[in-house]
**Q** 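Here it is, the structure in full.
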Amino acid sequence: MNKKEGIIRNILNSILPIFLAFVIGGVVIACIGENPMETYWILLKKSFLSSTGFMNTLHYASPLILTGLAIAVTFKADLYNMGVEGQMLFGGFFAGIAGAYITGMNPFLHKFICFAAGVLCGMAFALIPALLKAKCRVNEMVVTLMLNYAMAKALEFLSTGVFRDLGSGYVATPIIKESAMFSRFGRSRLTMFFVIAVIVLIIMYVVMKKSKLGYEITAIGKNSEFAEATGMNVAKKTIVLMLLSGALAGLAGAGYMMSEQFKYTLNFSGTPGLGWDGMLIALLGGHSPGGILIAAIFYAALKTGSDNINMYTNVPKEIVALIQGLIILFLAVKFISERMDLKGRRLHNGTDQ
Amino acid sequence: MELINNILYDTIYHSTPIILCVTGGMFAYKANVLNIALEGMMLNGAFISTLVMFFTGNLPLAVFLAILTTLVYGLVFSFMGITCKGNVIVVGLAINLIVPAIAGFVMKMMETANINLKNVNITKYKINIPLIKDIPIIGSILSGHPPITYLAFIGIAIFAVLMYKTRFGIYVRVVGENEDSARSIGIKTGFYKYAAVLIGAFCCALAGVNLSVERLGLYTNDMTAGRGFIAIAAIYCGQGEPVLSSLYAILFGVARSLAVNLSIYAGPAAGLFDIIPYIIMVAVLAAVSIVKHKNVKVRGFKC
Amino acid sequence: GGGKDDGRADSGEKKDVKIAIVCDSAGQNDNGYNQTAVEGAKKAADELGVEYKVVEPENGVPAALETLAEDGYNVIFNLEYDFDALIKGVGGSEPIAVMYPDTTFVCVNDNPNQYDDGNVIHDNVICALFDVHEASYIAGALSVQVLENKDILFPAENYSFTDLDKGGRTIGFVGGTNSNGITVFSDGFIEGINKAAEDLGVNYDYYAKYDAGFSDPATGSTVAGTYYNQGANVVYAVAGSVGDGVASKAKEEKKLAIHVDADKDDMQPGYILTSVIKNTSVPVYDITKAYVDGTIDDMDRLQTFPLASGATDITELTQIKQAIADTDEAQAKWEEIMTYVDDLKTQIADGKIKVTNAQIGEAFDPSACKNVTIK
Amino acid sequence: MSMVEVVDLTKRFGGFTANDKISLSVEEQEIKCIVGENGAGKSTLMNMLYGLLQPTSGKILIRGKEVQMSSPIDAIAKGIGMVHQHFKLVPSLTVYENILLGVEIKKGKTLFVDQRTEIKKVRELIDRYHFELDPLDKIEDISVGGRQRVEILKMLYRNVDILILDEPTAVLTPQEVDDLMVSLKNLKKQGKTIIVITHKLREVMELSDSVTVIKKGKVAGHVKTKDTSETELAQMMVGRNVVLTVSSERKGPVSKDIIYEVKDLCTINESGKEMVSDLSFRVHKGEILGIAGVEGNGQSELVKLMTGLMESTKGTITFLGKDITNQWPAQLRREGIGIIPEDRYAQGLCSDMSISDNCIAGYHGNPDVCKKGIFNQKAICAKRDNLIDEFDIRLGDINEKIGCLSGGNAQKIIVARELSADPKLLIACQPTRGVDIGSIESIHKHILKFRDEGNAVILISCELSEILSLSDNMIVMYKGKISGRVSQSEVETESIGLLMAGIQPGGKGAVHE
Ligand SMILES: Nc1ncnc2c1ncn2[C@@H]1O[C@H](COP(=O)(O)OP(=O)(O)OP(=O)(O)O)[C@@H](O)[C@H]1O
Ligand SMILES: Nc1ncnc2c1ncn2[C@@H]1O[C@H](COP(=O)(O)OP(=O)(O)OP(=O)(O)O)[C@@H](O)[C@H]1O
Ligand SMILES: [Mg+2]
Ligand SMILES: [Mg+2]
């Protein structure tokens, strides 16, 4: 009974914002003299209703699932790893280097090495804020924010210097070898990478919902003093979680490299970047793996939809960005809150000391 | 000598928008609202002021509308995040997405990729202080900057007073520190949170005007280039203390100015110079934190 | 912006020729490279009756190329440097050029469509290259000529140049990123400076930054500020919006800037010496016309647009000319410089002057430029 | 005419009725005590009187007039002030800023706060009520008793006639409790009407004029204090006979086997000051060692050291012959040390997590609930049900969050959890703080039973009576050192009071630092 009510509320809470955003977007589209229904139909048709389109959507959701998870494991533990973007870039970059410079390798092994490179790089990046937090109590949010920029610059330096593809007219690393590329399923862009992302998602589901680590993540997130006192070494766990997050981000970057980009360019993760998208996805998905999956697919649909609207209508793609922003804005709010009386409930805080 | 003057001048240049964002954002920080939309708000300030300048050439109107529209974003942020209790990070990120989307849309309608103010001569905005401007080092720090730059620095003091000497400041801090206690004596917590966010919006709008109209006379869609996030970092480093946080903002300005000015001597390694500001911030932060916690024997992060 | 497409492009019933422009990240209204391509498409639409579509891809160029080809566009222009999927094929799939043999793909700014031995890979891919190094060369020579005569040319009250013997013989370069697409400008520019300096028997200093990015004008402004303060009197920016910051700084410092891509001289009139134009409308129109005329198969698979073609050049200099002092002496000097410049253009066209072209992999030799000290 | 009258006041939280038609009246210049078990609805009732909660139905009358209060501001305007169970102070502000919070004095019509006048006014206030406080101290630096006084002054400054105190003595030292009672009686003399919620029947008897007992949201009875006794009140509250002081009588002498030994232990606080200095003591098998002392004399740090939450700068701790200095809480629990932490909701429980999650906290890595890092949900539920059964923990919905439990039951979960892991030593800090008498009785019984099974207990409490009644031996701490050691047979409350103040009985003067 109660549960059912909750589900209905959750559904309404996710549909209402989307609806509202599309209405506002529709008004804007109508204002510039285009047909909103037609525009939306293209969005829907191309992202969901055609099989290739839907598979493409899943393809673009793959890295988002992973960056979403990367954010969720830390945010849930009240650790603000804003460095997922940088970790993803770092991982993607060196997966690309491993993919480009190692030759004559068995395809399976080669991909594995690339993934390993990506994961290790992601973890290496995450280790810095983790150690600074655990050993010196430096605010991890600030450090990761800063290192993101430093990382982007450092990678630019590397890709314009030692790892530059001299044959290319713009800044790019050499393209990765065939053996490191995921091949597509049929005519869609979908690759094995999606399957890998889903497997990781399932593993993370078990970790977060059923495991000791998941329990500890929740406890640290809800009350770190409690966690410390009941024997979770918060400093150590901080390192573990940051490394896990970095590994997921690195995996996302590596997979994106091997299934979509194939070389590192300065626009590797687009704007605002897969790591930032991941943050939204984690928050929208309520830090739960199931929510993250849905949010990632939805977000990817908007992204592909943006291209399609651009291609099949005269509506500028900024409209899609606007709708995207509005949806996120409205999704932040629970329009239908829990029963009013429940909302006012305060939990005990313990004696004041 | 020229180089030193240059470095100092550029330090002020690069510090200004960050200081404005910092002084604006720290009230929200103190009120326990993470205003991650500083970036978007600053961009909006830049966009609207440039747009209005482009069409009217009327600077006061441009500044006024920039502030007004940014305050609208501040209201949206507050309404969604505070009144509707939405997740403020999500709301902030959404605003960071919406602002460039709207700006991009408008520019698409104008069929341009950036707005260039041909009617504006930015040297006109520079205030050259007689006498002082000729003193070597001090001259380039104190003279030749546009008005908002001076405002930003004066703002540090004003906001420090506002934060610590007035009822408003006390309430904002109380609301952030212990909302329950604020409520129990009848402080309208929502009002102070709104106010804190709106101060942030106001300052960000000025930062945007400074960045676009005053300094460059043009607008491009990602001209804020992460300065809002740097400001957030500076606020956290300085724990929302006006002077300390601003010092971090200036530190960043120094590092950035050094990076730009020295990189022309660095040859191929110049690309690495851009990393300096960020590394310096992290290093300083780590050092400060180590010193601060050297006596802490309590385990865990709650101390 | 937008084209004529009405959203029913996939009906496939129309016999009309459809062309598409895939923009790079600067977007269709960049007042430069993308925009001129769109203008070319518009002209083709007006004069040849083709349909055109402008795409600003969000999910990468390859995806856009594929979708457009799938939807039956006949000629697709790719303005971004991303060609691997098109030419080589990625992820185990065929190259897009092979998947859609009936579509003509045009790669602008690069020539990926050849084997190492120079043979063409795909017959349905045409590459268009601009000899911007030649235009840059002219810009470099012009800069030196103008600077050496600045006291005659410009009214003193409008400009505050650094004296030539106090470090004023300095020229700066701000590049968006360290790639062939950028260095090609710088190399030609240096050679042009060297040529004029040699002719006048002077020596120039040259500052360059190749990693200013493309988006933050404030960076451009500060970097240029540094150069100007080091004595530079001209700064050449090949860095998108960053260049706008450079131009704005030039006006602030009352010195000169050189812009790039389209004629942006009127952005800061009088303070932008010239712009190096890369007029993409020429290849867009020409190739579309060839397709419509049915002569496209006879075209060379590599189209180069040298200085002589008009697709790349410096501007007409109308803006800067208005800033020249109203004295006879100045006007005469200006004419003299124009003659000098025209002479250089002819020599380049005749092949008497050979400018290094980094775009096709030629290496630049600094030691050949004895009159320029690269800092 | 009664000062405050409440008629048929009802408060529902969703389907749950926290207050059910409560009626009571408080006369002018009366001290009224309200007693009842944890979760009976006392705080809810008071929160309605103070405008923090709105009644679902019923009336509130002040001086005979019906009033509607939508916020504390209304309540204060009507002359009602409240000191909460959990203080509502702002730690980073000073005493005077906290007192004047919301009623700052401005410099004329400017925005600025007139700090000088404010400080002066607060000084006067402190002097008028003979409270011991420095207006310039920051709240985070003063003792709990001090904070309480600040809360009271905050209300007095606002000229309230009716003062509500919710469990004011739960966190005070005996001295502070005495001081508070004197202050309250003074206030009554000065014309104030006072309502006090407390679990301590001794205080009820000493302080109040009349008592109202609340049970499960309903009034169980009104009595005049002079007509009743502690036992009768306890009976009314719990509905059965309660043993008010559990006797620690033991069957034989304490064994000679040392279980736990602390030697020359030292640690410093953030500013480098030594908070525990060269502390040594031993705990034997079958012994309850009480540690008494005025708060702020290093007990808190000692507890943190013993429970692995803090590192020592010097000294050792040995347990069963093994060096366990500076081990982490998880290791300590694995060695066989059960820990009842000082602050229930900060360290012992996580309010936002479920009951079952809290039941395994600290032992969540044990093989019986967790294999290869994956939880066995069934085993966890079984364990939870066991604990609830065995320790008679009363709760509504088993799937509720811990935060919804009443204080006593929440505390019982911790005790149950720690004892069920079969430790050899139990470190129990403030095990009954804020807990109702029924629960106190049961917690005390569990502790004694645990000792009688041959285990040892270290009991840290600022409730002197608790230490006196339970412990076999005790040490008193003063300024980070031990100022005295006494065994139960030779104990006198008075001498302990002196030891706590750092004075050796027999007039030997202060203990050396
Ligand atoms: N906001 C709320 N929402 C739902 N239930 C609540 C709320 N506040 C209190 N309760 C419930 O109402 C009951 C009465 O709570 P209250 O705090 O008044 O008890 P109390 O008598 O003060 O107990 P204690 O002695 O532990 O302080 C408890 O069961 C509590 O869980
Ligand atoms: N109560 C127990 N009884 C037996 N073995 C245990 C118990 N608790 C933990 N262990 C085992 O002892 C080993 C070390 O425990 P410990 O908790 O230090 O592991 P850990 O990996 O450091 O865990 P954590 O991540 O919680 O710190 C682990 O293999 C663990 O499974
Ligand atoms: Mg209570
Ligand atoms: Mg461990």
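A, B, ... follow the sequence lines: proteins, then strands. Residue 1 opens every chain.
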**Q** Atom CD1 in I374(D), atom NZ in K209(A): separation rounded to 0.5 Å?
**A**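 Those atoms lie 14.0 Å apart.
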**Q** Give the member of A361(D), C350(D), G308(D), G362(D) that has the highest number of heavy-atom pairs under 4.5 Å with chain A.
**A**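 Greatest number of close heavy-atom pairs with chain A: C350(D).
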**Q** Going by heavy atoms in the side chains, are D352(D) and N223(A) under 4.5 Å from each other?
**A**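 Answer no - side chains too far apart.
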**Q** Top residue by heavy-atom pair count (under 4.5 Å) with chain D, among A219(A), A229(A), A227(A)?
**A**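 Top count of heavy-atom pairs under 4.5 Å with chain D: A229(A).
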**Q** What are the two closest non-hydrogen atoms of G348(D) and T230(A), and how far apart are they?
**A**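 Closest heavy-atom pair between G348(D) and T230(A): O-CG2, 4.5 Å.
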**Q** Could you tell me which portion of L309(D) (side chain, backbone, both or neither) has an atom closer than 4.5 angstrom to a non-hydrogen atom of chain A?
**A**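 For L309(D), the side chain is the part near chain A, not the backbone.
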**Q** Give the intermediate values and the outcome of side-chain contact (heavy atoms from CB on, under 4.5 Å) for residues Q331(D) and N233(A).
**A** CA-CA 10 Å; Q331(D) 291 167 309; N233(A) 183 337; over 6 Å; no
**Q** Between E228(A) and Q347(D), is any pair of side-chain heavy atoms under 4.5 Å apart?
**A**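 Sidechains of Q347(D) and E228(A): no contact.
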**Q** Check whether any side-chain heavy atom of N376(D) sits under 4.5 Å from a side-chain heavy atom of K210(A), and report yes or no.
**A**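 They are not in contact (no side-chain heavy atoms under 4.5 Å apart), so the answer is no.
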**Q** Using 30° and 60° as the class limits, which term best fits the ring planes of H364(D) and Y215(A): parallel, tilted or perpendicular?
**A**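 Answer is tilted, since the angle falls between 30° and 60°.
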**Q** Using non-hydrogen atoms and a 4.5 Å limit, figure out which bit of I360(D) sits close to chain A: side chain, backbone, both or neither.
**A**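 Both parts, heavy atoms under 4.5 Å.
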**Q** Is any side-chain heavy atom of N358(D) closer than 4.5 Å to a side-chain heavy atom of F226(A)?
**A**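 They are in contact (side-chain heavy atoms under 4.5 Å apart), so the answer is yes.
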**Q** Between W328(D) and K236(A), is any pair of side-chain heavy atoms under 4.5 Å apart?
**A**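 SC-SC contact between W328(D) and K236(A) ruled out.
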**Q** Please report the closest heavy-atom contact between A330(D) and G231(A), naming both atoms and the distance.
**A**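 Nearest heavy atoms, A330(D) then G231(A): CB-O, 3.4 Å.
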**Q** Measure distances from C370(D) to the heavy atoms of chain A and classify the residue's part below 4.5 Å as side chain, backbone, both or neither.
**A**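 For C370(D), side-chain heavy atoms alone lie under 4.5 Å from chain A.
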**Q** If we define contacts as heavy-atom pairs under 4.5 Å, which of L349(D), T307(D), I339(D) has the most with chain A?
**A**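 Counting heavy-atom pairs under 4.5 Å, the top option is L349(D).
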